[in-house]
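Quick note: numbers below take in every heavy atom, side chains included, and nothing from hydrogens, waters or symmetry partners.
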Amino acid sequence: MGDLSGTLATICIVAPPILFAIIAHEVMHGVVALRLGDDTALRAGRLTLNPISHVDLFGTIILPLGLYLFGLPVLGYAKPVPVDFRVLRGGRAGMLKVAAAGPLTNFVLAIVSGLLLRAVPVFLHGSLGTTVVVPIARMLQASVIVNVELGVFNLFPILPLDGGRVLFSILPIAAARAYAQTERYGFLILLVLLYTHWLDVAIYPVMNMAYTAITWMVQL
């Protein structure tokens with residue numbers, strides 16, 4: 001029962017940061033798209049932080065929590081926010097801004113979480129005590145880690161990840177069109193990279209550097 005209660009406590013700590021990180025990531029894609037002239041996400045009711053509008057049972061809950069509990073980098077996804085890239089102002093530059101908005105949101109959330117975590121010791125001896133403050137501190141710590149991992153992973157340059165969209169938007173037209181043909185195999189490529197651990201080699205060092213940079217910025 002002790003192990004079960006510990007697992008449930010861990011889930012209660014990490015679930016809110018994971019959900020918020022994934023949902024905020026998707027919402028910001030839609031927000032930036034709206035500012036660039038595409039209201040598809042708005043009309044679909046996706047510019048909201050209400051989890052019901054975004055949650056994918058496997059991608060948003062089962063997968064990231066399972067990875068977290070096994071000590072692996074947290075990967076997850078919500079239902080993709082619909083974006084009509086054809087109507088975006090700025091053409092491929094608009095696509096770059098929409099794609100980059102999600103990972104950048106995660107990095108901002110990691111920094112904000114780190115700054116809030118720095119303030120936690122002030123409240124340890126207050127009226128709230130450790131019963132409230134310590135769980136909040138653990139949530140903030142999880143938020144820093146989760147947002148760094150999601151931000152870095154989504155910048156990996158494979159379609160349909162955000163990094164793939166960014167790369168597509170900066171390649172010469174001919175190369176970009178050829179590269180776009182790989183999107184149909186994107187998840188298969190990711191699975192192969194995960195299974196062979198090549199993805200670990202590619203993103204672990206970047207995640208560590210990003211985490212180190214953010215902890216240095218907020219002086220954790």
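- Closest approach of V14 and A142 over heavy atoms only: CG1-CB, 4.2 Å.
- The closest side-chain heavy-atom distance from F107 to V152 is below 4.5 Å.
- When all heavy atoms of A24 and L109 are compared, the closest pair comes out as CB-CD1, 3.9 Å.
- Annotation: side chain of V83 is in contact with side chain of L88 (closest heavy-atom distance under 4.5 Å).
- Using a 3.5 Å distance cut-off with no hydrogens or angles, the side chains of D162 and H25 do pair a donor with an acceptor.
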Kindly indicate, with the supporting measurements, whether the criterion side-chain contact (heavy atoms from CB on, under 4.5 Å) is fulfilled by N106 and V148. CA-CA 7 Å; N106 290 128; V148 167; over 6 Å; no
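- Separating the CG atom in N154 from the NE2 atom in H29 is a distance of 6.5 Å, to the nearest 0.5 Å.
- Listed here is the closest heavy atom pair of A180 and F168: CB-CE1, 3.8 Å.
- Remark: I18 CD1 to I145 CD1 distance equals 10.5 Å, nearest 0.5 Å.
- Clustering ILVMFWY residues whenever any of their side-chain heavy atoms sit less than 4.5 angstrom apart, transitively, puts L159 in a cluster other than the one holding F156.
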Evaluation steps, side-chain contact (heavy atoms from CB on, under 4.5 Å), between K97 and R35: CA-CA 10 Å; K97 293 175 183 177; R35 293 180 64 87; over 6 Å; no
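- From I23, atom CD1 reaches atom CZ of F20 across 8.5 Å, with rounding to the nearest 0.5 Å.
- Here the shortest heavy-atom pairing between V81 and A41 reads CG1-CB, 3.3 Å.
- Cluster membership check: L57 shares its hydrophobic cluster with F187, using side-chain heavy-atom separations under 4.5 Å among Ile, Leu, Val, Met, Phe, Trp and Tyr.
- Annotation: side chain to side chain contact (heavy atoms under 4.5 Å, CB included) contacts of A78 (sequence neighbours excluded): I22, E26, H54, T60.
- Taking the side chain as every heavy atom from C-beta outward, I13 and P135 approach each other to under 4.5 Å.
- Under a hydrophobic-cluster definition in which Ile, Leu, Val, Met, Phe, Trp and Tyr are linked whenever side-chain heavy atoms come within less than 4.5 Å, directly or via other members, W198 and L155 are assigned to the same cluster.
- Considering only heavy atoms from C-beta on, I61 comes within 4.5 Å of V55 through its side chain.
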Worked check of side-chain contact (heavy atoms from CB on, under 4.5 Å) between R165 and V98: CA-CA 9 Å; R165 303 286 183 205; V98 171; over 6 Å; no
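- Residue V146 comes nearest to P17 through the heavy atom pair CG1-O, 4.4 Å, listed as atom of the first residue, atom of the second, then distance.
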Decide side-chain contact (heavy atoms from CB on, under 4.5 Å) for L161 and L190; before the verdict, give the C-alpha distance in whole Å, the side-chain angles of both, and the deciding distance to 0.1 Å. CA-CA 10 Å; L161 296 180; L190 282 173; 4.0 Å; yes
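- Although no hydrogens or angles enter the test, the distance criterion places no donor-acceptor pair under 3.5 Å between the side chain of R92 and the main chain of V166.
- Remark: L117 pairs with V120, A137, L140, Q141, L220 by the side chain to side chain contact (heavy atoms under 4.5 Å, CB included) rule, at least two apart or across chains.
- Residues satisfying the side chain to side chain donor-acceptor pair (under 3.5 Å) criterion with S113, sequence neighbours excluded, are S143.
- Partners of D39 under the salt bridge (charged side-chain N to carboxylate O under 4.0 Å, His left out) rule, at least two apart in sequence or in another chain, are R43.
- Closest approach of A44 to P82, counting heavy atoms only: CB-CG, 4.0 Å.
- Using a 4.5 Å cut-off between side-chain heavy atoms of Ile, Leu, Val, Met, Phe, Trp and Tyr, with links allowed through other members, L104 and M28 fall into different hydrophobic clusters.
- Residues V108 and V27 are members of separate hydrophobic clusters, defined by side-chain heavy-atom contacts under 4.5 angstrom among Ile, Leu, Val, Met, Phe, Trp and Tyr.
- The salt bridge (Lys or Arg N to Asp or Glu O under 4.0 Å) contacts involving residues 134-149 comprise nothing, where partners must be two or more places apart or lie in separate chains.
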Using a 3.5 Å cut-off and no angle test, enumerate the donor-acceptor pairs between side-chain atoms of residues 209-218 and protein atoms at least two apart in sequence or in another chain.
{"residue": "T212", "atom": "OG1", "partner": "N208", "partner atom": "O", "Å": "2.8"}
{"residue": "T215", "atom": "OG1", "partner": "Y211", "partner atom": "O", "Å": "3.0"}
{"residue": "T215", "atom": "OG1", "partner": "T212", "partner atom": "O", "Å": "2.8"}

